[in-house]
Novice: 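Attaching a single structure in C-alpha cells format; questions to follow.
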There are 2 protein chains.
Amino acid sequence: MKLITRNTDYAVRALCFIAQSKKKKVTVEELVRVLEIPGPFLRKILQILNKKKLLKSYKGQNGGFSLTKLQDKILLTDLMKIFQGPLKLNECIFKKQVCPNIKTCKLKKKIDKIEKCVISELKSVSLAYLLKKN
Amino acid sequence: MKLITRNTDYAVRALCFIAQSKKKKVTVEELVRVLEIPGPFLRKILQILNKKKLLKSYKGQNGGFSLTKLQDKILLTDLMKIFQGPLKLNECIFKKQVCPNIKTCKLKKKIDKIEKCVISELKSVSLAYLLKKN
DNA sequence: TGTTTATGATACTAAATTTGTATCATTTGT
DNA sequence: ACAAATGATACAAATTTAGTATCATAAACA
Ligand code: SF4
Ligand code: SF4
C-alpha cells in the first residue's frame with residue numbers, strides 16, 4: 001500500500017537538490033554522492049525527467065541537469081504520473097476483465113471518494129512546498 | 001498504487017455473500033460458483049479468515065463457513081490488516097535502512113497526514129455498510 | 001582533431017510482491 | 001468405511017519494482 005514508489009521518491013529528492021543548488025547545472029555524479037542513490041538507476045530517472053521536460057540536460061564536459069520550471073510549477077502528481085502511471089487507487093480489473101459488480105459496488109464508490117481526497121491533497125504538493133522551511 | 005489487493009477484495013465479496021445468504025453455512029464450492037474466484041485461492045483466504053476468527057468453519061459433510069460477528073463489527077480495515085499488513089502509505093525504508101531525511105521531510109509529513117485521513121475513512125467501512133442498499 | 005567527460009538510449013537482470021496451485025491430512029455425517 | 005467438507009503447508013507463476021550494463025552521442029577543450 002505504497003503511495004509513492006522509489007523512483008518517484010528519488011526523483012523528488014534529486015529535484016530538491018538541484019533546485020537548492022547554487023550551481024547552474026548539477027551532475028549525476030554529485031547527486032549520487034550526496035543522495036546515496038544507486039547511480040545507474042538515478043541516471044535513468046533523470047533521463048526520463050529530461051524527456052518529460054521537467055529537467056533540461058547538458059551533455060559533454062560541464063554537463064549536467066537543471067530545472068526547466070519554477071519550483072511551484074513542479075508538482076508531486078506530475079512525478080507520480082510519470083513513474084507510477086495514472087493516479088488511481090483501484091482499477092477493479094482482474095485479468096483484463098472489469099469486475100461485474102462495478103456499477104453498484106459500494107466499496108468501489110468509497111475508494112473513489114477517498115481517491116478524490118488523496119489526489120486533491122497531493123496536487124497541493126509542489127517542489128516549492130517541499131523545500132519551504134517549517 | 002492499489003489501496004486494496006485482490007485477496008482483500010475477494011474476502012470482502014465472500015463475506016458479503018455469506019452475510020446475505022439464507023443458509024446457515026456457505027461452502028467454498030458455492031462461493032466459487034457465484035463469485036467466480038479461483039477455488040484454491042479462495043479456500044486459502046477463507047482458512048485465514050477462520051484462523052483470524054472472522055469466520056467459523058465446519059468440517060465434514062454439510063460443512064462450510066459462517067460469520068462469527070455482526071455485520072457492523074466486521075471492518076474493511078480488519079481485512080486489510082490481515083491480508084496487506086499494517087495500514088501504512090509510506091515506510092520510508094530502503095533495504096532495511098531508514099531514510100536519513102525522515103525527521104524533517106515534508107513529503108513524509110504530507111503523506112502521514114493523507115494516511116490519517118484515508119484510514120479514518122476506511123475505518124467507517126463495515127460489512128453492514130457495504131451491504132446496505134443505496 | 002582527438003580525448004575526455006558528460007548524458008541518451010536500450011536491453012537486460014534481480015528482487016520483491018502478488019496471485020495463484022497442488023497435495024495430503026483431518027474432521028464429520030451417513 | 002466412505003464421501004464430503006475444511007486444515008495445513010509447500011510450491012509456482014505472474015507481475016511489479018528496483019537496479020545494471022553497455023554502447024552511442026554530444027560538447028568542451030587541449
Ligand atoms: S468488488 Fe467492488 S471494488 Fe472489488 S473489484 Fe468489483 S467493483 Fe471494484
Ligand atoms: S525522502 Fe521523505 S518520504 Fe522519501 S523516504 Fe525519505 S523521509 Fe520518507
Side-chain angles (χ1 to χ4, degrees), chain A residues 1-11 14 18 23-33 35-66 80 82-86 88 90-91 93-97, chain B residues 1-11 14 18 23-33 35-66 80 82-86 88 90-91 93-97:
Chain A
M1 232 171 53
K2 233 175 332 187
L3 201 57
I4 64 169
T5 58
R6 209 111 119 197
N7 38 21
T8 304
D9 191 86
Y10 286 167
I18 294 169
K23 299 178 188 163
K24 283 273 178 287
K25 292 172 263 174
V26 178
T27 165
V28 172
E29 196 268 331
E30 180 175 6
L31 287 164
V32 164
R33 243 185 9 245
L35 300 177
E36 300 181 81
I37 293 172
F41 193 24
L42 182 57
R43 258 188 80 194
K44 196 164 69 170
I45 290 169
L46 296 181
Q47 285 178 7
I48 291 169
L49 290 176
N50 173 56
K51 262 195 201 157
K52 299 287 184 176
K53 315 280 190 188
L54 293 181
L55 285 178
K56 168 134 186 55
S57 75
Y58 303 86
K59 284 175 154 188
Q61 275 185 342
N62 299 319
F65 295 86
S66 64
M80 293 178 72
I82 289 171
F83 294 109
Q84 309 181 40
K88 274 240 134 264
N90 192 9
E91 297 280 356
I93 287 176
F94 311 132
K95 312 229 180 207
K96 293 163 190 166
Q97 302 223 324
Chain B
M1 232 171 50
K2 233 175 335 186
L3 201 56
I4 65 169
T5 58
R6 210 111 121 197
N7 38 21
T8 303
D9 191 86
Y10 286 167
I18 294 170
K23 299 177 187 163
K24 284 274 178 289
K25 291 172 264 175
V26 178
T27 165
V28 172
E29 196 268 331
E30 180 175 5
L31 287 165
V32 164
R33 242 183 13 243
L35 301 177
E36 301 182 80
I37 293 172
F41 194 25
L42 182 57
R43 260 188 77 196
K44 196 164 68 171
I45 289 169
L46 297 181
Q47 286 178 7
I48 291 169
L49 290 176
N50 173 56
K51 262 193 201 159
K52 299 287 185 176
K53 315 282 191 186
L54 292 182
L55 284 177
K56 169 135 186 54
S57 75
Y58 303 87
K59 284 177 156 187
Q61 276 186 340
N62 299 317
F65 294 86
S66 65
M80 293 178 71
I82 289 170
F83 293 109
Q84 309 181 43
K88 275 239 137 263
N90 190 9
E91 297 280 356
I93 287 175
F94 311 131
K95 313 229 178 206
K96 292 161 188 166
Q97 301 224 325

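Note that the structure is predicted; figures quoted are calculated from it, not measured.
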Novice: Under 4.0 Å between a side-chain N or O of B/K2 and OP1 or OP2 of C/dT19?
Specialist: yes
Novice: Look at the side chain of B/T27 and decide which nucleotide, out of D/dA5, D/dT20, C/dG29, has an atom nearest to it.
Specialist: D/dA5
Novice: How long is the line joining CD1 of A/I93 and C1' of D/dT15, in whole Å?
Specialist: 15 Å
Novice: Without decimals, in angstroms, what is the distance between B/I4 CD1 and C/dT19 P?
Specialist: 10 Å
Novice: Rounded to whole angstrom units, what separation is found between the CZ atom of B/F41 and the P atom of D/dT9?
Specialist: 18 Å
Novice: Assign each of A/N62 and B/F83 to its nearest nucleotide of DNA chain C by heavy atoms, then name whichever residue's nucleotide is nearer the 5' end.
Specialist: A/N62
Novice: Please identify each residue that fulfils ring-ring contact (aromatic ring centres under 6.0 Å, His included) with A/Y10, with sequence neighbours left out.
Specialist: A/F41, B/F94
Novice: Out of curiosity, A/K52 NZ to A/N50 CG, how far, rounded to the nearest 0.5 Å?
Specialist: 11.5 Å
Novice: Distance check, rounded to the nearest 0.5 Å: A/F65 atom CZ versus A/R43 atom CZ?
Specialist: 8.0 Å
Novice: Give, for atom NZ of A/K51 and atom CD1 of A/I82, the distance between the pair rounded to the nearest 0.5 Å.
Specialist: 11.5 Å
Novice: Whole-Å distance between D/dA27 P and A/K25 NZ?
Specialist: 11 Å
Novice: Counting side-chain heavy atoms from C-beta on, which of C/dG20, D/dA28, D/dT6 comes nearest to B/Y10?
Specialist: C/dG20
Novice: Please determine, for the side chain of A/V28, which listed nucleotide (D/dA18, D/dG19, C/dT7) has the closest atom?
Specialist: C/dT7
Novice: Do B/D9 and B/F83 make a side-chain contact, defined as non-hydrogen atoms from C-beta onward lying under 4.5 Å apart?
Specialist: no
Novice: Look at the side-chain N and O atoms of B/K95 and state whether any lies under 4.0 Å from the OP1 or OP2 oxygen of C/dA16.
Specialist: no
Novice: Select base, sugar-phosphate, or nothing to describe what B/G64 touches, counting heavy atoms under 4.0 Å on all strands.
Specialist: sugar-phosphate
Novice: Starting from C1' on D/dA5, measure out to CD on B/E30 and report it in whole angstrom.
Specialist: 14 Å
Novice: Any chance you could measure B/K24, atom NZ, to B/N62, atom CG, to the nearest 0.5 Å?
Specialist: 14.0 Å
Novice: For DNA chain C, whose closest nucleotide is more 5', that of A/G60 or that of A/M1?
Specialist: A/G60
Novice: Could you tell me how far apart A/R43 (CZ) and C/dT10 (C1') are, to the nearest whole angstrom?
Specialist: 11 Å
Novice: As a test of reading the structure: which of D/dG19, C/dG8, C/dT18 is closest to the side chain of A/P38, going by heavy atoms?
Specialist: D/dG19
Novice: Give me the residues of residues 45-59 of chain B where at least one heavy atom lies under 4.0 Å from an atom of DNA chain C, by number, or none.
Specialist: B/K59
Novice: Kindly indicate, with the supporting measurements, whether the criterion side chain to side chain contact (heavy atoms under 4.5 Å, CB included) is fulfilled by B/L42 and B/L46.
Specialist: CA-CA 6 Å; B/L42 182 57; B/L46 297 181; 4.2 Å; yes
Novice: Residues two or more places apart in sequence or in another chain: which of them pass side chain to side chain donor-acceptor pair (under 3.5 Å) with A/N7?
Specialist: A/T5
Novice: Between B/K44 and B/V26, who's closer to the 5' end of DNA chain D by nearest nucleotide?
Specialist: B/V26
Novice: How many Å lie between NZ on B/K24 and P on D/dA5, as a whole number?
Specialist: 19 Å
Novice: Figure out the CD/C1' separation between A/Q84 and D/dT16, and round it to whole Å.
Specialist: 12 Å
Novice: What nucleotide among C/dT4, D/dA18, C/dT30 has an atom nearest to a side-chain atom of A/Q61?
Specialist: C/dT4
Novice: Closest to the A/P40 side chain: C/dT19, D/dA21, C/dT21?
Specialist: D/dA21
